[in-house]
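Everything on this sheet refers to the single structure shown next.
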Number of protein chains: 2
Amino acid sequence: MKNQDIENVILFQIDKTSKISKQYSQREFDQKKLGITIEQWILLKIIEETQPISQRELADKSLRDPASITRTLDILEKKQLIQRKPIPNNRRQYHIELTIQGNTFVKNNMEMIKAHRRKSIEGLSSEEIESLRTILLKIQKNMS
Amino acid sequence: MKNQDIENVILFQIDKTSKISKQYSQREFDQKKLGITIEQWILLKIIEETQPISQRELADKSLRDPASITRTLDILEKKQLIQRKPIPNNRRQYHIELTIQGNTFVKNNMEMIKAHRRKSIEGLSSEEIESLRTILLKIQKNMS
DNA sequence: TAAAAATTATTGATATATCAATGGTTTATT
DNA sequence: AATAAACCATTGATATATCAATAATTTTTA
């Protein structure tokens with residue numbers, strides 16, 4: 001394998017790691033019949049942490065396009081996990097909130113998610129994890 | 001921000017880094033009017049490194065679904081950057097190869113890509129890069 | 001205050017991600 | 001050799017990614 005082959009590119013390895021991890025979690029979601037995707041879960045989690053939140057903020061925090069957020073929220077709304085609440089004196093935005101079922105759903109599955117997080121860093125020292133965090137932030141700055 | 005907030009999750013930061021970097025490169029592609037996406041570029045690069053290659057191998061190396069490969073190759077074929085060549089005594093697979101234009105295209109843009117790679121690791125020591133590589137591999141193993 | 005500029009969510013169009021199903025083909029088993 | 005099993009590429013269906021355009025609204029500027 002040559003030096004400049006794509007497998008040796010650090011950005012490729014970063015993407016690969018992300019893909020593998022998402023596939024792992026999605027498989028677990030499917031096995032447990034959660035009926036949602038990873039991207040949907042991430043939105044639910046952000047909403048839970050920040051509610052009420054606007055779609056624009058959701059887009060920023062999840063690094064996704066507002067158009068994409070609109071469509072995913074439509075799905076989550078149909079599943080009755082979130083709701084768009086009108087804001088008084090503001091007819092341009094909505095307050096996005098979890099429904100009662102949405103809150104329960106997040107609570108019920110949080111332990112599994114935490115297990116995934118723990119599993120991802122198994123065998124890593126806290127120094128390695130902190131180093132990883134620092135390096136990733138530097139790369140993010142470089143590419144911003 | 002709470003400890004278990006999603007911004008503190010290392011997998012979230014990995015994904016964020018990947019997204020930011022891809023967006024950076026795509027912006028450059030668009031500015032330079034390359035007329036292709038990052039995913040298309042990655043396929044072209046893998047083909048260049050390995051040609052001839054089958055679609056199954058392409059899927060494995062790029063960590064993408066064979067169905068997705070089929071569709072992207074259709075696009076690249078229309079752009080006359082790749083070709084599917086029949087394999088003698090094998091009517092199940094194709095040899096995927098770059099066309100002459102495809103080879104030229106990759107060569108012409110390789111310098112820009114290398115610049116992106118350099119930019120991504122600006123300010124990082126070689127120890128940090130090697131450490132990053134090692135840690136990512138460990139996470140990949142954990143989640144496989 | 002009126003006009004201009006910026007913001008927010010939505011929709012359309014195209015590309016990608018994934019699973020399931022299909023059809024054709026090759027390899028393994030008996 | 002015939003059957004079964006495995007494999008490969010493709011297509012359909014649904015979800016996501018992104019840009020561009022739009023409509024409605026809010027904020028800024030003149």
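We name chains A, B, ... by the order of the sequence lines, and we start the count at 1 in each one.
Checked by atom type and distance alone, the side chain of S131(B) never pairs as donor or acceptor with a backbone atom of E127(B) at under 3.5 Å. Checking side-chain atoms of T72(B) against main-chain N and O of I69(B) turns up no donor-acceptor pair under 3.5 Å.
Heavy atoms from other residues, nucleotides or ligands lying under 6.0 Å from OH of Y24(B) number more than 12. Around atom CZ of R133(A), more than 12 heavy atoms belonging to other residues, nucleotides or ligands sit under 6.0 Å away. Sparse packing is recorded around CD of Q80(B), with 12 or fewer heavy atoms of other residues, nucleotides or ligands lying under 6.0 Å away.
Among the protein residues, R84(A) comes within range of the sugar-phosphate backbone only, with heavy atoms under 4.0 Å from sugar or phosphate atoms but none that close to a base. No contact: Q26(B) has no heavy atom under 4.0 Å from any strand.
Interatomic distance, CD of Q83(B) versus CD1 of I100(B), reported as 8.5 Å (0.5 Å rounding). Atom-to-atom distance recorded for Q13(B):CD and L132(A):CG is 9.0 Å, nearest 0.5 angstrom.
The CZ atom of R27(B) sits 13 Å away from the P atom of dA20(D) (whole-angstrom rounding). Separating the CG atom of L34(B) from the C1' atom of dT18(D) is a distance of 17 Å, rounded to the nearest angstrom. Distance CD (Q93(B)) to P (dT25(C)): 13 Å, rounded to an integer number of Å. Atoms CZ (F29(B)) and C1' (dA17(D)) sit 16 Å apart, rounded to a whole Å. The nearest whole Å value for the distance from the CD1 atom in I20(B) to the P atom in dT18(D) is 12 Å. Distance, I69(A) CD1 to dT11(C) P: 15 Å, rounded to whole Å. In this structure, K85(B) atom NZ and dC8(D) atom P are separated by 21 Å, rounded to whole Å. Taking atom CD1 of I87(A) as the reference point, atom C1' of dA9(C) lies 12 Å away to the nearest angstrom.
The existence of a salt bridge linking E49(B) and K61(B) is excluded, since no basic side-chain nitrogen approaches an acidic carboxylate oxygen closer than 4.0 Å. A salt bridge is absent between K19(A) and D15(B): the closest approach of a Lys/Arg side-chain nitrogen to an acidic carboxylate oxygen does not fall below 4.0 angstrom. Looking at R84(B) and E97(B), no side-chain N of the basic residue comes within less than 4.0 Å of a carboxylate O on the acidic one, giving no salt bridge.
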When you compare the protein's N or O atoms with those of nucleotides 22-25 of chain D, which come within less than 3.5 Å of each other, and at what distance?
{"from": "dT25(D)", "atom 1": "OP1", "to": "R91(A)", "atom 2": "NH2", "distance (Å)": "2.8"}
{"from": "dT25(D)", "atom 1": "O2", "to": "R92(A)", "atom 2": "NH1", "distance (Å)": "3.2"}

In 5'-to-3' order, the base (B), backbone-only (S) or no-contact (-) status of each nucleotide in nucleotides 11-16 of chain D, using a 4.0 angstrom heavy-atom cut-off, is BBB-SS

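There is no side-chain donor-acceptor pair under 3.5 Å between Q101(B) and K79(B).
For the segment residues 44-62 of chain B, the set of residues with a heavy atom within less than 4.0 Å of an atom of DNA chain D comprises S54(B), Q55(B), R56(B), in numerical order.
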